[in-house]
Amino acid sequence: MKLKALFLLLAASAALSFPFFTPPPAVAQTITGTVRGRIADPSGAAVPGASITVTNIDTGVTTKAVTDGSGVYNIQFLPIGPYQLSATAKGFSTSNVGPFSLQIDQTQNYNLTLKVGKASTTVKVSGASAPLLNTENATLGTTLTSNTLSTMPLNGRNFSSATLFLPGAVSTTPTGFIGSNGGSGTSDGTERDTNASGVPSFNGNRQQTNNYILDGVEINETVNNTIGYNPAPDSLQQMRVITGNADAEYGNVNGGEIIAVTKGGTNHLHGSAYEYLESEVLDANTWANNFAGAQKNSYTQNMFGATVGGPFKRNKLFFFGDYEGLQYHTGGQGTASVATGAMRKGDFSQVLSVKGVQLYNTQNGFQPYANNQIPVVSPVAKFLFAHPDVYPLPNKAPTDGLAQNNYLGYTKAFQKNNQGDVRIDYHLSSNDSIMGRYSIGDAYDDLSHAVLPIFFPTGNDYPFQSFVINEVHTFSAALVNEFRAGFSRVRWIQGEPTD
């Protein structure tokens, strides 16, 4: 067993903000949104003490604030999703804005002018929608919603491949994204991506300078600086990719900052199920098989999963869970290169006549072997040559005219992956909310039958575990605290011999 990577990340972060003064940037990496603005009367004067209520349409959870002496309100740490805002004050009608969508690390600015009237009178404000141009900061980034992720052509269902559609992103090995094991994808899914082929480059930076965050906790595989976990696209509510001018909280990253947030439950029970089936029936033969003179290999790949979410208690306690599995079986013809009958007797003259390569005796002053005739003295070679049941003779024409791919045999292998996420959101009170998420995955594969008996089949295993807990507590109208602690464990067991 070869343990290639093991890391243990324990992150705890807390951010204090003062909504009615100049709020400092949060220390933690933001996975929530902010709504702020100014409330004025018809003359443009500030309306202090106005009551602001922001309601999450999906969960019914409300967050309230009161404007300060300048009529300013600032509501932070709101979970992403659809919202509606209402503002009211004594002697004024209630004004409503929305619905509007709040994205990761987004600040929506709504400046409202209240009309004189009774609070029971509601005025729908349609012209207060946020501007399309972000004027709050200079960050360059793109947000992908769950609907976008579910409709994009993600080959292999690797969420990271969605980043290739963004400006400034490029990959010289796009086939590296089609794997679907528990970690970063590779072209065949049988091993981890040691060269980061399944990772994009942003704006000319190295692939290893990206940073991957799930619910505010890093999921990086730290030896090769690739992705340690590949969450199912159906489990993600949003994914934001920052490609330039990132805020200080996302510092120490030269490449892209990929921030993903899992889905949460709502007041309505909802779910989905899916299955993707592939086989060799509709596929053409591979270039490698054609080159080696081998037939099309048979294979079956099943990718399947399900999601479910809903309320334990409406407007209060919610759950969401998802599962994704992969089963890939392949078998058929495989090729190997074995010594010819002449070579087994020490006759390597074809190496000289076909390839023009002269062999030398390194144990005797580098004297050339006459006509490449070499005495067979190795006891291992003698044993193998005497047992064709273990080391068979060639049974097909070589592809190089000598010995390359001159044996055709049977081979089979399998890959499997099981992974899932569970998330709980609890709105304890108007001053307290908490979120917890646990993820687990185990992707493994094995070459269960090698072309030659002397080949030692090897297996790989990539277990992953992660959890995060996030709490937002409002101490007062001027003091809000967010606390987050997370743990991620990535193991990379590669090349373990199997019998």
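These numbers come from a predicted model, not from an experiment.
Aromatic pair Phe464/Tyr229: ring centres closer than 6.0 Å. Two rings, from Tyr299 and Tyr328, have their centers less than 6.0 Å apart.
Tyr212 is listed as a side-chain neighbour of Val199, based on a closest heavy-atom distance under 4.5 Å. Proximity of Val308 to Leu269: side-chain heavy atoms (C-beta onward) are separated by under 4.5 Å at one or more points. Between Lys263 and Ser146 there is a side-chain heavy-atom pair separated by less than 4.5 Å. Side-chain contact between Gln108 and Leu102 is present, with heavy atoms from C-beta onward closer than 4.5 Å. With contacts defined as side-chain heavy-atom distances shorter than 4.5 Å, the pair Met435/Tyr426 does not qualify. For the pair Ile434 and Asn470, the minimum side-chain heavy-atom distance is 4.5 Å or more.
By the 30° and 60° cut-offs, the orientation of the rings of Phe467 relative to Phe487 is parallel. Between Trp287 and Phe291, the ring-plane angle classifies as parallel under the 30° and 60° cut-offs.
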Ignoring hydrogens and angles, write down the donor-acceptor pairs under 3.5 Å from the side chains of residues 389-397, residues two or more places apart or on other chains.
{"residue": "Tyr391", "atom": "OH", "partner": "Ala339", "partner atom": "N", "Å": "2.9"}
{"residue": "Asn395", "atom": "OD1", "partner": "Leu408", "partner atom": "N", "Å": "2.7"}
{"residue": "Asn395", "atom": "ND2", "partner": "Leu408", "partner atom": "O", "Å": "2.8"}
{"residue": "Lys396", "atom": "NZ", "partner": "Ala292", "partner atom": "O", "Å": "3.0"}
{"residue": "Lys396", "atom": "NZ", "partner": "Asn405", "partner atom": "O", "Å": "2.9"}

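Phe318 does not carry Lys316 over the face of its six-membered ring by the limits of under 6.0 Å from the centre and within 45° of the normal.
A donor-acceptor pair is defined here as one N or O able to donate and one able to accept, closer than 3.5 Å; no such pair exists between the side chain of Ser201 and the backbone of Arg206.
By the 6.0 Å contact criterion, CZ on Phe383 is open, its count of non-hydrogen atoms from other residues, nucleotides or ligands being 12 or less.
The pair Glu257-Arg240 does not meet the salt-bridge criterion, since no charged nitrogen lies less than 4.0 angstrom from a carboxylate oxygen. Salt-bridge formation is not detected for the pair Asp421/Arg423: no Lys NZ or Arg NE/NH1/NH2 atom is positioned less than 4.0 Å from an Asp or Glu carboxylate oxygen.
Between the side chains of Asp58 and Asn267, no donor-acceptor pair of N or O atoms lies under 3.5 Å.
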